[in-house]
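Quick caveat, the model's predicted, so the values are computed rather than measured. In what follows, every chain begins at residue 1, and chains take the letters A, B, ... in the order their sequences are listed.
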Protein chains: 2
Amino acid sequence: MSPKKEQLILIATDLFSRHGFHPVGIDRILAEAGVARMTLYNHFPSKDDLIAAVLDRRYHDIMASLRACVEPMASAKEQLRAIFAWHETWFGTPQFSGCLFERALAEFGTDYPNISAVAIRYKKTMTAWMTDMLKALLQEPAAARIASILMILLDGATIDARAFHDPTIATKAWNAAEAVIEQEILASKKPSA
Amino acid sequence: MSPKKEQLILIATDLFSRHGFHPVGIDRILAEAGVARMTLYNHFPSKDDLIAAVLDRRYHDIMASLRACVEPMASAKEQLRAIFAWHETWFGTPQFSGCLFERALAEFGTDYPNISAVAIRYKKTMTAWMTDMLKALLQEPAAARIASILMILLDGATIDARAFHDPTIATKAWNAAEAVIEQEILASKKPSA
DNA sequence: CTATTTAGATAGAACGGTCAGTATAGAAAG
DNA sequence: CTTTCTATACTGACCGTTCTATCTAAATAG
């Protein structure tokens, strides 16, 4: 991987995150990255491809970072809590300006499959991952059901953390998640009640 | 209110909802609304003002529609459930393409206070409203805390309903909401446990 | 009732700016 | 010598916005 290409993805990620995909033009990326115009087009056929590369990189970075936070945890409950804690740390970052996948989905919608596909893949991977964790606590159909609720909580927390500039929303979301999990465990033990 | 102005807001709302604010140009709105260029600029100083008008209208429409669904309900629980049910109906609409306020927040961020203000006002109004409802079930600090969780659930459900094309996510969100509320009521009755 | 004014709406051209993408020629570096 | 990057100018297309000139219908005045 060429250092110039690397630089482009890095700067583009930052600019897209802070201002969005449409408002950030090629020229601005080139200026801030200190890269010539043709160098960009040697590495990426078009702006859309650069966006796709940014999203793909972001996907792998986030998943790796999350895995590093979760793996040390012993119990399923602690692992799930680690995911929410990771989000709280993220929300507190000065550069935090929402989830890049959500932004891509909001700006491009389903019209651009190349771009929206990454956002959906991210959601599906996360949900499947949390389903696996929940299998240690719950039966199969319930695990998937609760996982999708946890995904809702994470997505909602990400939205509201940005809107309200409040990182502690992640903790509130985790409290809700724990309540839902506990109630489900209780219900599974007493199916008659 | 001039019928042309009305028409512009209506068509613009539809186009912005389906394709986003940046990708939809003035020309397209004019063409689909069947309105002359200068008519638009007689009613709105700029595109940004049209966007603000669209968001403002949307805000009042949504709140009115929600109130109509909630008011007939007798108990606080039923009222809250009605809010989630309203979302499920909305998610199932063929034209559903996410929340316009979220989209505005995603596309314009905090850089454009005129525009992002409506989105934040919407969230705050909803949270305050749900806090009032919850006061029938919970004490003061808990009511506000749970209300912000319900807001997280609604926002997350809206995001995921669009991403997964699944309106029933609203029901899952309500199930989670109910679990959180019930657990909080229980905890308030047994403060020692 | 007729003439005149007024207010809105219309179509279309045009402006300045920006944008993504292309072309070309030269510099740097191994 | 070959590959990569740089610099700059350019192309079309599109964008938001302004301008002008024309049309229509209703209100007003004589």
Quiz item: Rounded to whole angstrom units, what separation is found between the CD1 atom of A/Ile26 and the C1' atom of D/dT8?
Solution: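 Roughly 17 Å, once rounded to whole Å.
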Quiz item: Between C/dC19 atom C1' and A/Phe21 atom CZ, what is the distance in whole Å?
Solution: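 Value for this atom pair: 17 Å.
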[X] NZ/CZ over [Y] ring centroid, <6.0 Å and within 45° of normal:
X        : Y       : value
B/Arg103 : B/Phe21 : no
B/Lys172 : B/Phe84 : no
A/Arg162 : A/Phe91 : no

Quiz item: Between A/Thr171 and A/Glu88, is a side-chain hydrogen bond (donor to acceptor under 3.5 Å, both in side chains) present by the stated rule, with each step listed?
Solution: CA-CA 7 Å; A/Thr171 302; A/Glu88 177 142 4; 2.4 Å; yes
Quiz item: For B/Lys4 and C/dT10, is the shortest distance between a side-chain N/O and OP1 or OP2 below 4.0 Å?
Solution: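 Checking B/Lys4 against C/dT10: at least one side-chain N or O falls below 4.0 Å of OP1 or OP2.
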Exercise. For DNA chain C, determine which residues of residues 27-48 of chain A have any heavy atom closer than 4.0 angstrom to one of its atoms, and list them numerically.
Key: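 Contacts with DNA chain C under 4.0 Å: A/Arg37, A/Met38, A/Tyr41, A/Ser46, A/Lys47.
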Quiz item: Between the side chains of A/Ser46 and A/Tyr41, is a donor N or O closer than 3.5 angstrom to an acceptor N or O?
Solution: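 No - no donor-acceptor pair under 3.5 Å links their side chains.
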